[in-house]
Amino acid sequence: MVQISDLSQYEEQQVTLKGWVATRRTGGKIAFITLRDGSGYVECVIDLQNVSEEEFEAAKRITQESSIILTGMVIKNERQSGGYELQVKKIEVVHIAEEFPLGKKEHGPDFLLNHRHLWLRSKKQWAILRIRNQLKMSIHHFFQDRGFIQTDSPILTGNAAEGTSDLFGTEFYKEGVEAYLSQSGQLYAEATAMAMGKVYTFGPCFRAEKSVTPRHLSEFWMIEPEMAFYDLDMDMDLIEDFIRFIITDVFEKCQTELKALDRDTFLFEHIHKPFPRITYEEAVDIIRGEREVNGKNAITVQEEDLAAVEAKLTVTKAEIEETEVLLKGNMKKGKRNYLQSKVDKLKKELKQLEEDARNIPLWIESSKNFPRGEDFGAPNERVLTRLFDTPVMVYKWPRAIKAFYMKRYPDDPEYIKGVDVLAPEGFGEVVGGSEREDDLEVLLASIRAHNLPEEVFQWYTDLRRYGSVPHSGFGLGFERTVMWITGAKHIRQTIPFPRYYGRLFP
RNA sequence: GCCUCCUUAGCUCAGUUGGUUAGAGCGUCGGACUGUUAAUCCGCAGGUCCUAGGUUCGAGUCCUAGAGGGGGCGCCA
């Protein structure tokens, strides 16, 4: 059996392809079927000169997503997107599909999610899931090549790493004692690092947050490396190498997929540059417009964005009106369809622009009045990353807003040795990391200060009793990274079957 | 949890200050077409206007409640 992705090896040869009908167009004596087999897409030409009358008639009855086996010659044809087409000689039908619910016309998000099991077959979802696969392999390659041991944290745990409010719990193990689905494997990764040196986990995380947003799932995957004898600077060096490697590797290996997604190449063109490292306090100055970045001011940049949105709003409105006037006249059906779809598209853009025009002023206010000492909100992250071409690393955070296990600066104990990596183009946080507190007494005090139950952290504090060492690690949200690389507008597209508050099926 | 917008045919959407028999495109089905790539031509079918109340001579349109969905914020990865 030949895969579509390998067709270039079979030029001018006869092959048999097995797959599904992605699209089809029939004529009187010629028909076209775009066949997909999971490895790729190929246009197949069914010419009455090459097949029997019966087969041609059968071909005309083949519906979208029917499963078929085609035998024919592989012909080079520059007009086709893959460079090759199949001149069909024989058609075998495996199954004629019922009317497929997903057509060529655009669909709403809820309809698509309800048909996720079928939506996966569409070209963009195919491309995203292939990039997801490549990203996973690139991550493993990066760590494996550097002597890291892949390890697994338990998925069911008695430990709540950062509070219990957003955990899924069950009383299965002992009456009155909650077991939780893990929200992070970090604490266990730390223990494993003390045994193995450098480790990384790649496992599922669960958050019972009722957040229904384009960036949240209740079930997602996270990569959490943990390294013994690493301080924050070494951690940041590793993070930078890591991000640059995975982005570059995916970019090199997934050209076809990125093209199918119309992903612009801005990210990939700038990723080789050094990532700026700024402290929290410097970042606050930038957000509030009190410090400039390469001559760019956060407030004025947003005001310019708003002006641009408003200008575009006027232009779009005029264009819609103009097109609607045209539509009132007489014209051919094809022309009408074209104009109608243009209006639909413009109206959709208009909605988005109106949304932006409503929101940007709120974001500007949020920037101007940002209260020093607090954690960044989405608008603050957005404007900060808006000023850079590459990911930006923000380190040295106020102790009060970060997790209990992060190490204090010995000479500046109100700050901790933590880093957030914010992806450019307004994307926001993809990595959070820190050097861990390795002093037993300081750690215990921190656990108490956060009102966490000391008993369940007994084993964790043991790591500071038996050969405590400086160590660091970080966490990378896998779906967030897929979203970033693919440019997907919604995190729900980055995992085959997304789970979030309100969705358990399919 | 808060703010905001939406729910009309299988899908994406129109539907004017409340007024006869609710429209379009796509898709399906039937037919025409030898090179198509969402958008050639002709024709058929397809609707409890989200649900429950209310106002009115009359409600897809107005009011109230509920359900579902989108976007923003918060929480975060």
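This structure is a prediction, so every number in the text was calculated from the model and none was measured.
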Of the listed nucleotides [options], the one nearest the side chain of [X]:
{"X": "F111(A)", "options": "C11(B), G70(B), C73(B)", "result": "C11(B)"}
{"X": "A378(A)", "options": "G71(B), G74(B), U12(B)", "result": "G74(B)"}
{"X": "R24(A)", "options": "G69(B), U28(B), C75(B)", "result": "U28(B)"}
{"X": "P109(A)", "options": "C73(B), C29(B), G70(B)", "result": "G70(B)"}

Next on the checklist: Please tell me whether F275(A) and F388(A) form a close aromatic pair, meaning their ring centres lie under 6.0 Å apart.
Outcome noted: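 That pair fails the under 6.0 Å test.
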
Next on the checklist: For the aromatic rings, using the six-membered ring if either is Trp, is the centroid distance between F206(A) and Y180(A) under 6.0 Å?
Outcome noted: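 F206(A) vs Y180(A): aromatic centres not under 6.0 Å.
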
If you look at every strand shown and take non-hydrogen atoms under 4.0 Å, does [X] touch a base, only sugar-phosphate, or nothing?
{"X": "R61(A)", "result": "nothing"}
{"X": "T34(A)", "result": "nothing"}
{"X": "H115(A)", "result": "nothing"}
{"X": "L217(A)", "result": "base"}
{"X": "A31(A)", "result": "nothing"}
{"X": "G108(A)", "result": "sugar-phosphate"}

Checklist entry - Can you tell me the Watson-Crick or wobble partner of A67(B), both distances under 3.5 angstrom? => result U7(B)

Checklist entry - Taking a pair as Watson-Crick or G-U wobble with both distances under 3.5 Å, which nucleotide is matched to C73(B)? => result G1(B)

Checklist entry - Is it true that the NZ or CZ of R207(A) lies under 6.0 Å from the centre of Y501(A)'s six-membered ring and within 45 degrees of the ring axis? => result no

For nucleotides 2-6 of chain B, give me every protein contact, N/O to N/O, under 3.5 Å, one pair per line with atom names.
none

For [X], all residues meeting side-chain hydrogen bond (donor to acceptor under 3.5 Å, both in side chains), sequence neighbours excluded:
{"X": "N114(A)", "answer": "R503(A)"}
{"X": "S67(A)", "answer": "none"}
{"X": "R24(A)", "answer": "none"}

Pick out the pairs of N or O atoms, protein on one side and nucleotides 34-36 of chain B on the other, that lie under 3.5 Å.
unit_1 : atom_1 : unit_2 : atom_2 : d
G35(B) : O2'    : R79(A) : NH1    : 3.3
G35(B) : O6     : Q87(A) : NE2    : 3.4
G35(B) : N1     : E85(A) : OE2    : 3.2
G35(B) : N2     : N77(A) : ND2    : 3.3
G35(B) : N2     : Q80(A) : NE2    : 3.4
G35(B) : N2     : E85(A) : OE1    : 2.5
U36(B) : O2'    : R25(A) : NE     : 3.1
U36(B) : O2     : R25(A) : NE     : 2.6
U36(B) : O2     : R25(A) : NH2    : 3.1
U36(B) : O2     : E43(A) : OE2    : 2.8
U36(B) : N3     : E43(A) : OE2    : 2.7
U36(B) : O4     : Q80(A) : NE2    : 2.6

Checklist entry - What residues, two or more places apart in sequence or in another chain, satisfy side chain to side chain contact (heavy atoms under 4.5 Å, CB included) together with P109(A)? => result none

Next on the checklist: Check this for me: does the side-chain of S211(A) come within 3.5 Å of the base of C75(B) through a donor and an acceptor?
Outcome noted: yes

Checklist entry - Would you say the base of C11(B) and the side-chain of H107(A) have a donor-acceptor pair closer than 3.5 Å? => result no

Checklist entry - Closer than 4.0 Å, any side-chain N/O of W363(A) to the OP1 or OP2 of C73(B)? => result yes

